[in-house]
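To keep things clear, I will list the structure first and then write my remarks on it.
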Amino acid sequence: MILSGKEIHRNMGKCINIEPFNPSQLNPNSYNLKLHHELLTYSNNELDMKQPNPTEKLTIPEEGLLLETNKLYLGRTLEHTETTKFVPMLEGRSSIGRLGMFIHVTAGFGDIGFSGFWTLEIFCVQPIRIYAGVEICQIFYHTIEGDYETYKEGKYQNNHGIQPSLLYKDFEKKA
């Protein structure tokens, strides 16, 4: 079951934390999250799963930043979220999708216990000018059935910024 907006609001400060929280961003069954002013892009055209891939930082100026097609941009939400009882999910807003911009290539699913900023995998089908602070995506929450363990530690837990892929750490564990 997906939580209603009213249920999200009732759980604020208990099982759900969103900082900063603004009631005007609450929807009937989700909460809109805003785009932070920093982005990362990968420096190399060829990426390697087994290695850290170098990145370059971009800042979205007040007049906006024109994104190129066929290029992955990593962004993050302005809001820090945490949940201890519900499964968080992230989707792009339909108004953003209708402009041909994807905000997560594959990773819209979170774990109970995740605490941090959401890294956005931004890709556009045609050039688009973006702006910091825009409500770019929405978080919604599912209930879970059965016994579960909360996500306490991992590559992306308690992050403080945009997280490039840390997949190479999985290969280090196997070595």
Side-chain angles (χ1 to χ4, degrees), residues 3 5-6 8-9 11-13 16-47 52-83 86 88-111 114-141 154-168:
L3 268 57
K6 289 181 181 182
I8 292 170
H9 197 254
N11 279 280
M12 284 301 303
I16 297 173
N17 288 303
I18 300 172
E19 274 302 317
F21 178 79
N22 182 341
S24 70
Q25 291 168 237
L26 197 58
N27 299 312
N29 54 293
S30 65
Y31 182 86
N32 288 345
L33 299 175
K34 295 181 178 181
L35 179 63
H36 190 267
H37 69 274
E38 291 180 343
L39 299 174
L40 290 180
T41 59
Y42 287 106
S43 304
N44 299 338
N45 287 332
E46 184 178 306
L47 303 177
N53 291 285
T55 60
E56 297 173 15
K57 187 189 288 189
L58 300 172
T59 301
I60 303 171
E62 195 169 312
E63 64 274 9
L65 178 70
L66 187 64
L67 300 185
E68 303 170 29
T69 59
N70 296 319
K71 184 170 187 173
L72 180 65
Y73 296 86
L74 299 176
R76 79 162 174 91
T77 58
L78 183 65
E79 296 85 357
H80 180 280
T81 72
E82 182 177 9
T83 178
F86 304 108
M89 303 282 295
L90 200 69
E91 284 291 339
R93 293 182 59 218
S94 63
S95 296
I96 300 296
R98 291 171 192 188
L99 292 171
M101 189 166 113
F102 304 92
I103 60 95
H104 65 85
V105 176
T106 63
F109 189 79
D111 288 309
F114 171 75
S115 178
F117 298 96
W118 288 79
T119 294
L120 307 174
E121 303 144 355
I122 301 169
F123 186 81
C124 56
V125 297
Q126 65 189 67
I128 182 171
R129 186 168 299 277
I130 63 167
Y131 301 88
V134 68
E135 293 179 15
I136 195 165
C137 60
Q138 51 196 336
I139 192 168
F140 59 102
Y141 298 91
K155 297 185 296 261
Y156 305 110
Q157 180 73 325
N158 298 313
N159 67 61
H160 296 286
I162 303 167
Q163 300 292 296
S165 176
L166 301 177
L167 183 64
Y168 67 90

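Under a cut-off of 6.0 angstrom, the local environment of CD in Glu62 is sparse, with at most 12 non-hydrogen atoms contributed by other residues, nucleotides or ligands.
The SG atom of Cys137 lies 9.0 Å from the CE atom of Met101; values are rounded to the nearest 0.5 Å. Here the CZ atom belonging to Phe117 is positioned 9.0 Å from the OG1 atom belonging to Thr81, to the nearest 0.5 angstrom. Going from atom CE of Met89 over to atom OH of Tyr141 covers 12.0 Å, rounded to the nearest 0.5 Å. Rounding to the nearest 0.5 Å gives a distance of 9.0 Å between NE2 of His36 and OG1 of Thr59. Note that NE2 of His80 and NE2 of His160 are 7.0 Å apart. Values are rounded to the nearest 0.5 Å.
For the pair Ile16 and Leu3, the tightest heavy-atom approach, listed with the atom from each and the gap, is CD1-CD2, 4.0 Å. Nearest heavy atoms, Glu63 versus Arg129: O-CD, 3.4 Å. Here the closest heavy-atom approach between residue Thr119 and residue Gly161 is recorded as OG1-O, 4.2 Å. Residues Cys124 and Leu67 share a closest heavy-atom pair of SG-CB, 3.8 Å.
The side-chain heavy atoms of Leu40 and Pro164, taken from C-beta on, include a pair separated by under 4.5 Å. Between Ile60 and Leu35 the shortest side-chain heavy-atom distance falls below 4.5 Å. Looking at heavy atoms from C-beta onward, Leu74 lies in side-chain contact with Glu121 at the 4.5 angstrom threshold. Counting only heavy atoms from C-beta outward, the side chains of Glu79 and Lys34 approach each other to under 4.5 Å. For the pair Asn11 and Phe86, the minimum side-chain heavy-atom distance is below 4.5 Å. The shortest distance between side-chain heavy atoms of Gln138 and Gln25 does not fall below 4.5 Å. Between Asn70 and Phe123 the shortest side-chain heavy-atom distance falls below 4.5 Å. Within the 4.5 Å cutoff, the side chain of Pro88 has heavy atoms near those of the Trp118 side chain.
Among Ile130, Thr41, Ile162, Leu120, the single residue meeting the side chain to side chain contact (heavy atoms under 4.5 Å, CB included) criterion with Tyr73 is Thr41.
Aromatic pair His9/Tyr31: centroids not less than 6.0 angstrom apart.
Side-chain atoms of Arg93 do not come within 3.5 Å of backbone N or O of Asn32 as any donor-acceptor pair.
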